[in-house]
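Throughout, residue positions are numbered sequentially from 1 according to the sequence presented.
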Amino acid sequence: MNGRPLYTLHPRPLTVLYGDLANHAAAQGEVLIGTPGSLLQRENAAGFRFYARQFYDADSKKREQYVAGPVGDAVADQAAEQLRLRMEEARTTAQDLRLLGREGYQLADPRAFAALASLHNHGVFRAGAVLIGSHAFGVLLNQLGARAAGYATEDVDVARQGALAFAEPPRQSLLEMLGAPGIAFVEVPGLDARQPATSWKEQGRSRFQVDLLVPSPDDTFGIVAVPELQAHAQALPYLRYLLGETHSGLLLARDGCCQVRVPAPERFAVHKLLVAELRGGSHTEVRQATVLLAVLAEQHPGAIEDALAAVPVSAGKLLRRGVARVREVLGNRELRVGEVLAEFCV
């Protein structure tokens, strides 16, 4: 038997608290980005008195944000009071988030949360965009009530299957949305400088990067225009399979939480195996897939079988190699997922 378990389940009181936060996130409108902060009254050189929010941003820099004015105006006072209530609510929520983080729930780092919360505030996930990659793994692990080794990545991957269904076309580009919290993003040039960028990174030495992805119509890689975001995306094979089943998920961070859209965990896990093989057998991706498959086999019987049955025929060889890697990670662990995968290989 392997000594260390792949995962453990969180106790019920924590899953109840997580559920309360999920309900809170579903009901909240615009997400406060950064620390809750303080509500101040300021006066400019012309004697105009107004309300401002002072807070620390994702890079721990103190910032001030205009709220409303003039002080004493009924509309401005009401806006300030509404913000004050939201800030108090955010402080209470942050206490619960810190507790979950200490108990092993996956928390996104401040910059990733700031960028994704900004996309949430602009309605990108409501319009159909999907969070994939390691940050989606954290969301799914939390949603399944499982505790496992965390992920370390500075990349955020966002995908869309078809044109995003905005109620009204957004005025801002994806680059402007990402930069709204105060993070200075620049385009990442591709190998062919003549092609438009599909990735954006934080300016300077930071390696924090956001990638936009879409399904490839075949087994090739290409670049596709995403006009509703005034951007371009990298087309990837088998991404259509991953995006075939999605649902709302809860992204947790130190200072806040928000709703995002994520793939079904069983498809996410299977797709991780395909991607790992395309990349030469990434250990991180195989490990993440194995953890999710192990949880699903125990807690949601039949989910893995359905996901395997839906894999495109063209990916059969890749999948079988990926399953073999999962069985290597499992080793001698006597888990139900080993039986499920053994049946698949018959």
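In this structure, N121 CG and C258 SG are separated by 7.5 Å, a value rounded to the nearest 0.5 Å. In this structure, the separation between OH on Y51 and CZ on R49 is 7.5 Å, given to the nearest 0.5 Å. A distance of 11.5 Å separates CG in L100 from CZ in R147, rounded to the nearest 0.5 Å. Here the straight-line distance linking atom CG of L278 with atom CG of L236 works out to 9.0 Å at 0.5 Å rounding. Taking CZ of F185 as the reference point, atom CG of L174 lies at 9.0 Å (rounded to 0.5 Å). How far CG of L9 is from OH of Y7: 5.5 Å, rounded to the nearest 0.5 Å.
Other residues, nucleotides and ligands place no more than 12 heavy atoms under 6.0 Å from the CD atom of Q78. The 12-atom threshold is exceeded at CZ of F166, counting heavy atoms of other residues, nucleotides or ligands nearer than 6.0 Å.
The side-chain heavy atoms of L293 and L273, taken from C-beta on, include a pair separated by under 4.5 Å. Looking only at side-chain heavy atoms (C-beta outward), L40 and E64 come within less than 4.5 Å of each other. R267 has its side chain out of reach of T246: every pair of non-hydrogen atoms, C-beta onward, lies at least 4.5 Å apart. Between R86 and Q82 there is no side-chain heavy-atom pair separated by less than 4.5 Å. Using a 4.5 Å heavy-atom threshold, the side chains of L292 and L141 count as touching. When side chains are defined from C-beta on, V311 does not count as touching L318, because their heavy atoms never get closer than 4.5 Å. Between S248 and F125, every side-chain heavy-atom pair lies at or beyond the 4.5 Å cut-off. You'll find the side chain of P265 stays beyond 4.5 Å of the side chain of H300, heavy atoms only.
When all heavy atoms of P170 and Q230 are compared, the pair lying nearest together is O-NE2, 4.0 Å. The shortest non-hydrogen separation linking A289 to K272 is CB-CB, 3.8 Å. Closest approach of L140 and P263 over heavy atoms only: CD2-O, 3.4 Å. Minimum interatomic distance between E187 and A197 (heavy atoms only, all atoms of both residues): CB-CB, 3.7 Å. The shortest non-hydrogen separation linking A136 to F268 is CB-CE1, 3.8 Å. Across all non-hydrogen atoms, the minimal contact from I183 to A58 is CD1-CB, 4.5 Å.
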- Query: Where do L239 and I132 land on the side-chain contact (heavy atoms from CB on, under 4.5 Å) test, with the steps shown first?
  - Reply: CA-CA 10 Å; L239 192 58; I132 61 174; 3.9 Å; yes
- Task: Test side-chain contact (heavy atoms from CB on, under 4.5 Å) on R261 and R126 and set out the steps.
- Result: CA-CA 8 Å; R261 181 158 288 275; R126 286 194 302 275; over 6 Å; no
- Verdict with supporting geometry, F208 and V156, side-chain contact (heavy atoms from CB on, under 4.5 Å): CA-CA 8 Å; F208 177 48; V156 170; 3.7 Å; yes
- Please step through salt bridge (charged side-chain N to carboxylate O under 4.0 Å, His left out) for the pair K317 and E277, ending with a clear verdict. CA-CA 10 Å; K317 290 184 178 180; E277 291 306 311; over 6 Å; no
- Task: Apply side-chain contact (heavy atoms from CB on, under 4.5 Å) to the pair V139 and Q106, showing each step before the final yes or no.
- Result: CA-CA 7 Å; V139 171; Q106 304 288 323; over 6 Å; no
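Put simply, the residue from V158, L178, V210, V124 that forms a side chain to side chain contact (heavy atoms under 4.5 Å, CB included) with L116 is V158. For the pairing with D255, the side chain to side chain contact (heavy atoms under 4.5 Å, CB included) check across V31, L97, T93, T35 returns one residue only, T35.
In this structure, the side chain of S118 does not engage the main chain of A114 through any donor-acceptor pair within 3.5 Å. Side chain of R53 to main chain of P36: a donor-acceptor pair is present (N/O by atom type, distance under 3.5 Å, no hydrogens or angles). Of the possible polar contacts, one joining the D109 side chain to the R111 backbone as a donor-acceptor pair under 3.5 Å is found. A donor-acceptor distance shorter than 3.5 angstrom exists from the side chain of K201 to the backbone of S206, with no hydrogens or angles considered. Between the side chain of H10 and the main chain of G145, no donor-acceptor pair closer than 3.5 Å is present. Without hydrogens or angle criteria, S216 side chain to A235 main chain gives no donor-acceptor distance under 3.5 Å. In this structure, Q203 contributes its side chain and A184 its backbone to no donor-acceptor pair below 3.5 Å. In this structure a side-chain-to-backbone donor-acceptor pair under 3.5 Å is present from D77 to G72.
By the rule that hydrophobic residues join a cluster once side-chain heavy atoms approach within less than 4.5 Å of another member, L250 and L119 end up as members of separate clusters. Taken together through direct or relayed side-chain contacts under 4.5 Å among Ile, Leu, Val, Met, Phe, Trp and Tyr, L175 and V186 form parts of separate hydrophobic clusters. Put simply, L32 and L252 are part of two different groups of oily side chains (I, L, V, M, F, W, Y) that touch within less than 4.5 Å, one to the next. Cluster membership for I33 and L107, using ILVMFWY side-chain heavy atoms within less than 4.5 angstrom, is not shared. The same ILVMFWY cluster, assembled from side-chain heavy atoms under 4.5 Å apart, contains both V224 and W200.
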Can you give the donor-acceptor pairs under 3.5 Å from side chains of residues 17-28 to other protein atoms, not counting sequence neighbours?
{"residue": "N23", "atom": "ND2", "partner": "G19", "partner atom": "O", "Å": "3.4"}
{"residue": "Q28", "atom": "NE2", "partner": "C257", "partner atom": "O", "Å": "2.7"}

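Classified by interplanar angle (parallel below 30°, tilted 30° to 60°, perpendicular above 60°), the ring pair H271/Y241 is parallel.
Within the structure, every pair that satisfies the side-chain hydrogen bond (donor to acceptor under 3.5 Å, both in side chains) test and touches residues 129-143, not counting sequence neighbours, is listed here: S134-Q288, Q143-H247.
Here R84 pairs with E81, E88 under the salt bridge (Lys or Arg N to Asp or Glu O under 4.0 Å) rule; sequence neighbours left out.
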